[in-house]
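The block underneath contains the structure these notes are about, expressed in structure tokens.
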Amino acid sequence: KFLSYFDGLMISDGSLTVPTSASACRYQQTCVCKEWLDEVKLVFAENGIESTISPDNRDGRRPSWNLQTFSYDQFCCQYHRWYKKEKEVPRDIKMDSVFLKNWIYGDGTLIKTSFRLCCDSFSETDVDWLISVFGNRGFVFNRVFMGLSKLGSPKWRISLCKKNGLESFFKYVGDCDVDFFSYKWYKCKNKGD
């Protein structure tokens with residue numbers, strides 16, 4: 001279960017430092033929601049991983065927070081799962097509700113009756129693979145081109161509209177556990193409403 005939790009963080013905005021011969025890897029995540037990072041810190045602690053949270057206002061626009069763990073050897077094998085030449089989606093991820101909730105908290109956007117997950121860090125091949133995995137579960141996501149990054153790489157989102165299973169998707173994911181992110185959740189209608 002912890003691996004699904006961790007993978008959900010990594011597919012969104014989580015990152016690992018490069019391991020060296022002198023030190024193991026550290027996990028880091030920046031977010032405007034300290035409540036979520038407090039929860040991540042707690043889950044990490046329950047799994048023997050200590051971390052700190054500090055203010056991170058580098059962009060000067062809005063207050064944000066940075067979670068950073070201490071260095072752990074166990075993150076080195078995760079680094080090699082997630083990074084080849086660039087960050088890649090491991091093909092052994094489990095797309096369960098634990099994984100999906102962290103992905104939504106980090107990179108989900110609800111726009112009226114459609115929903116998008118950010119995939120900016122990933123190649124078109126990774127994005128198409130994610131779409132196929134969702135498709136195998138009955139959710140028809142589409143790839144959306146969002147322009148080029150500062151480095152000239154294509155940026156992608158995957159999008160799910162109401163007619164392609166939006167309500168079923170959020171029933172599968174379950175309720176939002178972090179109040180701050182409830183605006184990212186599609187409110188399923190009960191029959192008779």
Side-chain angles (χ1 to χ4, degrees), residues 3-20 23-33 36-37 40 56-69 71 75-96 98-112 114-137 139-161 164-166 169 173 181 183-184 186:
L3 185 58
S4 283
Y5 186 88
F6 178 78
D7 284 347
L9 296 172
M10 284 297 295
I11 202 165
S12 65
D13 292 326
S15 64
L16 291 167
T17 59
V18 178
T20 66
S23 71
C25 293
R26 289 186 320 273
Y27 173 83
Q28 50 198 12
Q29 176 110 27
T30 300
C31 186
V32 296
C33 178
W36 180 43
L37 294 183
V40 172
D56 179 24
N57 298 319
R58 287 177 282 175
D59 68 6
R61 293 179 296 165
R62 59 184 175 182
S64 61
W65 303 90
N66 181 268
L67 177 139
Q68 190 166 110
T69 69
S71 294
F75 285 142
C76 292
C77 65
Q78 293 307 319
Y79 180 88
H80 295 295
R81 263 183 83 228
W82 277 93
Y83 297 90
K84 306 302 180 207
K85 291 179 181 175
E86 296 178 353
K87 193 174 184 184
E88 293 181 14
V89 180
R91 297 309 192 247
D92 63 346
I93 60 169
K94 294 194 174 26
M95 216 175 268
D96 59 16
V98 171
F99 169 87
L100 290 169
K101 282 183 182 184
N102 276 340
W103 192 3
I104 295 167
Y105 297 151
D107 272 335
T109 304
L110 183 65
I111 308 163
K112 295 185 180 179
S114 69
F115 176 73
R116 288 185 179 168
L117 286 164
C118 180
C119 300
D120 287 0
S121 300
F122 303 110
S123 70
E124 190 172 350
T125 301
D126 281 345
V127 172
D128 288 344
W129 181 80
L130 288 165
I131 288 170
S132 74
V133 173
F134 277 123
N136 291 340
R137 287 170 173 71
F139 309 120
V140 183
F141 277 82
N142 294 299
R143 180 170 26 97
V144 179
F145 177 67
M146 300 298 291
L148 297 175
S149 71
K150 292 176 186 174
L151 300 174
S153 306
K155 296 189 302 184
W156 303 103
R157 303 286 193 279
I158 56 175
S159 180
L160 178 67
C161 65
N164 287 341
L166 183 63
F169 174 75
V173 170
F181 291 126
Y183 69 94
K184 296 184 177 202
Y186 180 75

Is it true that Phe169 and Phe115 have ring centroids separated by less than 6.0 Å? yes
How many angstroms lie between atom CZ of Arg26 and atom CZ of Phe75, to the nearest 0.5 angstrom? 11.0 Å
Heavy-atom closest pair, residues Trp129 and Arg91: CE2-CD, 3.3 Å
Atom OG in Ser153, atom CG in Asp120: separation rounded to 0.5 Å? 10.0 Å
Applying side chain to side chain contact (heavy atoms under 4.5 Å, CB included), run through Val133 and Ile93 and close with a yes or a no. CA-CA 10 Å; Val133 173; Ile93 60 169; over 6 Å; no
Could you check whether any side-chain N or O of Asp13 sits under 3.5 Å from a backbone N or O of Gln29, counting only pairs where one atom can act as donor and the other as acceptor? no
Evaluate Arg137 against Met95 for side chain to side chain contact (heavy atoms under 4.5 Å, CB included), listing each step before the verdict. CA-CA 9 Å; Arg137 287 170 173 71; Met95 216 175 268; 4.0 Å; yes
State, to 0.1 Å, how close Pro154 and Phe145 come at their nearest heavy-atom pair, and which atoms those are. CB-CE1, 3.7 Å
Is the side chain of Lys87 donor-acceptor paired with the backbone N or O of Ser121 at a distance under 3.5 Å, no angle test? no
Which value, rounded to the nearest 0.5 Å, describes the distance between Cys161 atom SG and Ile111 atom CD1? 12.0 Å
Point-to-point distance, once rounded to the nearest 0.5 Å, from CG of Leu130 to CZ of Phe141: 9.5 Å
Say you draw a straight line from CG of Asp107 to CG of Leu9; how long is it, rounded to the nearest 0.5 Å? 11.0 Å
Heavy-atom pair of closest approach, residues Cys25 and Thr17: SG-O, 3.2 Å
Mark yes or no for whether Tyr27, through its side chain, and Phe6, through its backbone, hold a donor-acceptor pair below 3.5 Å. no
Evaluate Tyr83 against Val18 for side chain to side chain contact (heavy atoms under 4.5 Å, CB included), listing each step before the verdict. CA-CA 9 Å; Tyr83 297 90; Val18 178; over 6 Å; no
For the pair Phe134 and Trp103, name the ring-plane relationship: parallel under 30°, tilted 30 to 60°, perpendicular over 60°. parallel
Quick one, Ile131 with Asn142, criterion side chain to side chain contact (heavy atoms under 4.5 Å, CB included). Give me CA distance, side-chain angles, the key distance, then yes/no. CA-CA 7 Å; Ile131 288 170; Asn142 294 299; 5.8 Å; no
Heavy-atom closest pair, residues Leu67 and Leu37: CD1-O, 3.5 Å
How far apart are the closest heavy atoms of Lys184 and Leu110, and which atoms are they? O-CB, 3.8 Å
Does Lys84 have more than 12 heavy atoms from other residues, nucleotides or ligands lying within 6.0 Å of its NZ? yes
With salt bridge (Lys or Arg N to Asp or Glu O under 4.0 Å) as the criterion, how do Lys94 and Asp7 come out once you've worked through the C-alpha distance, each side chain's angles and the decisive distance to 0.1 Å? CA-CA 8 Å; Lys94 294 194 174 26; Asp7 284 347; over 6 Å; no
Do the side chains of Trp156 and Asp126 get nearer than 4.5 Å, heavy atoms only? no
Please report the shortest heavy-atom distance between Ser64 and Thr30, naming the atom on each side. OG-CG2, 3.9 Å
Rounding to 0.5 Å, atoms CE (Met10) and OH (Tyr79) come to a distance of 9.5 Å
Should we say atom CD of Glu86 is surrounded by more than 12 heavy atoms from elsewhere, each under 6.0 Å from it? no
Any side-chain heavy-atom pair from His80 and Pro19 closer than 4.5 angstrom? yes
